[in-house]
Protein chains: 2
Amino acid sequence: MKLGEGVEAAIHCAATLASVDGNSTMPGAALAECFGLSPSYLLKHLNQLTAARILESVSGPAGGYRLARPAERITLLDIVLAVEGREPAFRCGEIRRNGPVKIDASAYVKPCGINAAMLKAERAYRAALAEVKLSDIVADYAAEGDPRSFAASCAFVARHQRPQKTASTNQN
Amino acid sequence: MKLGEGVEAAIHCAATLASVDGNSTMPGAALAECFGLSPSYLLKHLNQLTAARILESVSGPAGGYRLARPAERITLLDIVLAVEGREPAFRCGEIRRNGPVKIDASAYVKPCGINAAMLKAERAYRAALAEVKLSDIVADYAAEGDPRSFAASCAFVARHQRPQKTASTNQN
DNA sequence: TTATCGTGGATACTTTTTATCCGCAATAGG
DNA sequence: CCTATTGCGGATAAAAAGTATCCACGATAA
């Protein structure tokens, strides 16, 4: 069981985007620089977040990414599912049918108990992730993190964020 | 997030071994045949279970595998950890340090809040798996499964299990 | 002595993950 | 209109992990 590195990148980027002003955006290249990630690959993950309607993207100069909704309504589960996919970690291959003893399919209508147990565990996993909001991550970072690194993050965001022309209803 | 196919194989094999008599053993080749798996690869997983002291192995003719302890004291978590490894699914790469803004290491003594949240979710996952005993899986299979496939499984085990010479204290 | 079985290493094949590149569409600013 | 910047998508490739096979070896029951 392993999560791709994109998950960590996606969560950090989303947390960073949570502190841009109003409807301003931040370019993907700036986010990549912020965490020392390869820009071209990070864009893939940002794109997945956009497809999942967690982020919004703006093309053109002064374009970039911003959160599609307030950080209070984005959970870690949203991000993990967007990047890793929605399929469960355990996939039942029904290998019990593959044995030498041939029994017709009617003997296997009941779902496999092993599968049920594994899926139940994953529901617990997802439920725990769903309880953590992106705003919690940001608040924790602001409260528990070192003031120097927090200030540096804010300065970096302030330096790279770009205001948009079109008016927006949610002023943060 | 994805689990290897070995997990499914390992659980099915362990459940099968739960119904061998006394201290009898069952060859790995028979287990592979039972689920239509490649024998040489399944042995790797059985070996991992042996290394984790979930199974015991006996060499020589009439040798094979058996549970190292009663099925009531083997959980799905034991098996999953033995096959997939004990490392958490999420590994914090501390990418927040990789940015262009250089801050000395003293600014990052606090563990990352993202990491904490992800590990907490995985603890919930593991706790759910730890609650399911191998004996539960077997009992569910006997009670809920189709009588035909259950009978076929029992017959297969009875046909391939091999009694051991050395006396054992735990008669199932 | 022989045949069967598990162990461990070496090796190869396949799939997934990670990463890069390029052309395209969108668009802000001159 | 023109140009520069940015996101989007596909093609491609390199790296890593997962899957699978084989063989030499030690153990052991008959």
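A quick note: this is a predicted structure, and the numbers were derived from the prediction, not measured. Naming convention: chains lettered A, B, ... in sequence-line order (proteins, then strands); numbering from 1 in each chain.
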Q: Compare all side-chain heavy atoms of A:Ser24 with those of A:Arg162 and state whether any distance is below 4.5 angstrom.
A: no
Q) Where along nucleotides 2-17 of chain D does protein come under 4.0 Å, by heavy atom, of base (B) or sugar-phosphate alone (S), with - for untouched nucleotides? A) --BBBSSSBB-----S
Q) If you look at every strand shown and take non-hydrogen atoms under 4.0 Å, does A:Ser38 touch a base, only sugar-phosphate, or nothing? A) sugar-phosphate
Q. Applying the 4.5 Å side-chain criterion to the ILVMFWY set and letting contacts propagate, would B:Leu77 and B:Val132 be lumped into a single cluster?
A. yes
Q) Roughly how many Å is it from CD in A:Glu87 to C1' in C:dT15, rounded to a whole number? A) 15 Å
Q: Measure from CG on B:Leu37 to P on D:dA20 and round the result to the nearest Å.
A: 8 Å
Q: Write down the distance between CD (A:Gln48) and P (C:dA19), rounded to a whole number of angstrom.
A: 14 Å
Q: Over all heavy atoms of both residues, which pair between A:Met118 and B:Leu3 is shortest? Give the atoms and the distance, please.
A: CE-CD2, 3.6 Å
**Q.** Taking every non-hydrogen atom, the tightest pair across A:Ile11 and A:Leu134
**A.** O-CD1, 4.3 Å
Q | A:Glu56 CD to C:dA26 C1', straight-line distance once rounded to whole Å | A | 16 Å
Q) Considering all heavy atoms of both residues, which atom of B:Ile54 and which atom of B:Asp78 are nearest to each other, and what is their separation? A) CD1-O, 3.4 Å
Q | Value in whole Å for how far the C1' atom of D:dC23 lies from OH of B:Tyr41 | A | 19 Å
Q | Length of the line joining A:Met1:CE and D:dG18:C1', which is rounded to integer Å | A | 17 Å
Q | Rounded interatomic separation in angstrom, taking CD from B:Gln164 and P from C:dT4 | A | 17 Å
**Q.** Spacing of B:Gln161 atom CD relative to C:dC5 atom P, expressed in whole Å
**A.** 15 Å
Q. Regarding A:Gln164 and A:Thr25, is there a side-chain donor-to-acceptor distance under 3.5 Å anywhere?
A. yes
